[in-house]
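In what follows, a single structure is set out as structure tokens and then discussed.
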Amino acid sequence: MGFALFSTAHMAIQARDALQNLVFDADTNSVLRAEMAKKNLYVKRVSDTNNFDQSKRMRTGGDYTPAAYHAPGTFVSPPASVWGPQTYMASSTASYDPYGGYPVAQVPPVPIPVAPAGYAPVQNMKDNPPCNTLFIGNLGENTNETELRGLFSGQPGFRQMKVLRQERSTVCFIEYEDLHSAAAVHNNLQGAVLSSSERGGMRIQYSKNPFGRKKDLSGPMPHAVDGTPGATLSDLNGVSSSASQ
DNA sequence: AGCACA
């Protein structure tokens, strides 16, 4: 008997139905029986070096936000839908056959949502004028770039990402289609903790210069909702905690 | 606190 944890109940159901009655031993004609567990699986935290109290064990199964912590301002923990129908897929899914040739019902390609391991408070929140490019700081030395990419590329409006590893620190730039997408991510993922990080939560600021643009010489633009800087806070009204609803 | 690419 074994237990397997999935990101969402929906994915668990898909896996259950796909594997149900799978003949896993042709000699004895043994058949696999899969059912939903009564309770969510508890997973012991691997690295718990951020000084924020995460009570050593994290209950998995969708609630990634420690109940005690709420980020400053209008922070609301991202709704489950944020991790839902995203387009990010691990690149290895196509080539790897986990069932080694056993006849198995073809599981429809399921997106692999990447959710932060949790959230932690963020220090020093000074920021730049809103634009479509985010600057990510407080990334640990050995931040897993795949995890980082999975997290941000799954957000609506994602365009590109660049990781910059300096001796001083590791930082990262992420471009979104427009200011609204970037602002949503700025809100939703502020203080997000990667499981590969040994620091606290990441710091998300707007980039000084948007992707693909030289330093702005012409001064602040009066009213811009695309990538250009100069948008005012009122441009962000309506963008609070969720990009999709 | 650390802001590249063009």
Side-chain angles (χ1 to χ4, degrees), chain A residues 47-54 69-73 75 87-88 91 114 116-233 235-236 239 243:
Chain A
S47 67
D48 198 12
T49 48
N50 55 76
N51 47 13
F52 178 64
D53 173 29
Q54 309 240 18
Y69 173 67
H70 288 282
F75 181 90
T87 50
Y88 172 77
S91 50
V114 176
Y119 289 86
V122 173
Q123 312 290 323
N124 185 10
M125 289 307 323
K126 65 178 165 230
D127 209 335
N128 301 299
C131 69
N132 73 333
T133 304
L134 300 176
F135 173 87
I136 315 297
N138 200 35
L139 296 169
E141 174 84 358
N142 44 17
T143 292
N144 178 355
E145 183 167 333
T146 306
E147 186 184 12
L148 195 64
R149 179 170 296 276
L151 181 58
F152 286 103
S153 68
Q155 306 304 315
F158 173 84
R159 274 208 182 131
Q160 55 178 318
M161 171 180 130
K162 180 180 190 183
V163 177
L164 197 66
R165 294 184 188 268
Q166 306 161 311
E167 47 181 337
R168 194 96 170 103
S169 65
T170 295
V171 297
C172 166
F173 298 88
I174 305 151
E175 184 192 23
Y176 287 90
E177 276 172 23
D178 54 30
L179 185 124
H180 287 295
S181 308
V185 176
H186 190 287
N187 285 334
N188 286 337
L189 295 183
Q190 186 65 270
V193 178
L194 295 177
S195 63
S196 59
S197 169
E198 76 279 73
R199 306 271 201 106
M202 59 180 69
R203 170 171 31 256
I204 304 185
Q205 300 166 291
Y206 293 106
S207 173
K208 284 173 183 164
N209 310 303
F211 237 114
R213 218 157 303 205
K214 269 189 188 263
K215 212 178 195 135
D216 187 16
L217 307 170
S218 56
M221 298 192 172
H223 191 88
V225 185
D226 64 347
T228 48
T232 61
L233 275 184
D235 292 331
L236 300 181
V239 180

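So you know, we letter chains A, B, ... as the sequences are listed, proteins then strands, and number each from 1.
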Starting at [atom1] of [X] and ending at [atom2] of [N], how long is that distance when rounded to a whole Å?
X	N	atom1	atom2	answer
A/Leu164	B/dA4	CG	C1'	6 Å
A/Asn138	B/dC3	CG	C1'	15 Å
A/Gln160	B/dA4	CD	P	15 Å
A/Glu175	B/dC3	CD	C1'	15 Å
A/Gln166	B/dC5	CD	C1'	13 Å
A/Arg199	B/dG2	CZ	P	13 Å
A/Asn128	B/dA4	CG	P	12 Å
A/Phe173	B/dG2	CZ	P	12 Å

Mind checking what makes side-chain contact (heavy atoms from CB on, under 4.5 Å) contact with A/Thr143, not counting sequence neighbours?
-> A/Leu139, A/Leu148, A/Leu194, A/Ser196
Between [options], which nucleotide gets closest to the side-chain atoms of [X]?
X	options	value
A/Asn124	B/dC5, B/dG2, B/dA1	B/dA1
A/Val171	B/dG2, B/dA1, B/dC5	B/dG2
A/Lys208	B/dC3, B/dG2, B/dA4	B/dC3

Is the phosphate of B/dC3, meaning OP1 or OP2, less than 4.0 Å from a side-chain N or O of A/Asn209?
-> no
Determine whether any donor atom in the side chain of A/Arg203 lies under 3.5 Å from an acceptor atom in the base of B/dG2, or the reverse, and answer yes or no.
-> yes
Under the side-chain hydrogen bond (donor to acceptor under 3.5 Å, both in side chains) rule, collect the residues that match up with A/Gln160, sequence neighbours excluded.
-> A/Glu175
Residue closer to the 5' end of DNA chain B, A/Gln123 versus A/Lys162 (nearest nucleotide) | A/Gln123
Counting only heavy atoms not in A/Gln166, do more than 12 sit closer than 6.0 Å to its CD atom?
-> yes
The single option from A/Met202, A/Arg203, A/Gln205 that satisfies side-chain contact (heavy atoms from CB on, under 4.5 Å) with A/Ile136 is A/Met202
Parallel under 30°, tilted from 30 to 60°, perpendicular over 60°: which one fits the rings of A/Tyr176 and A/Phe158?
-> perpendicular
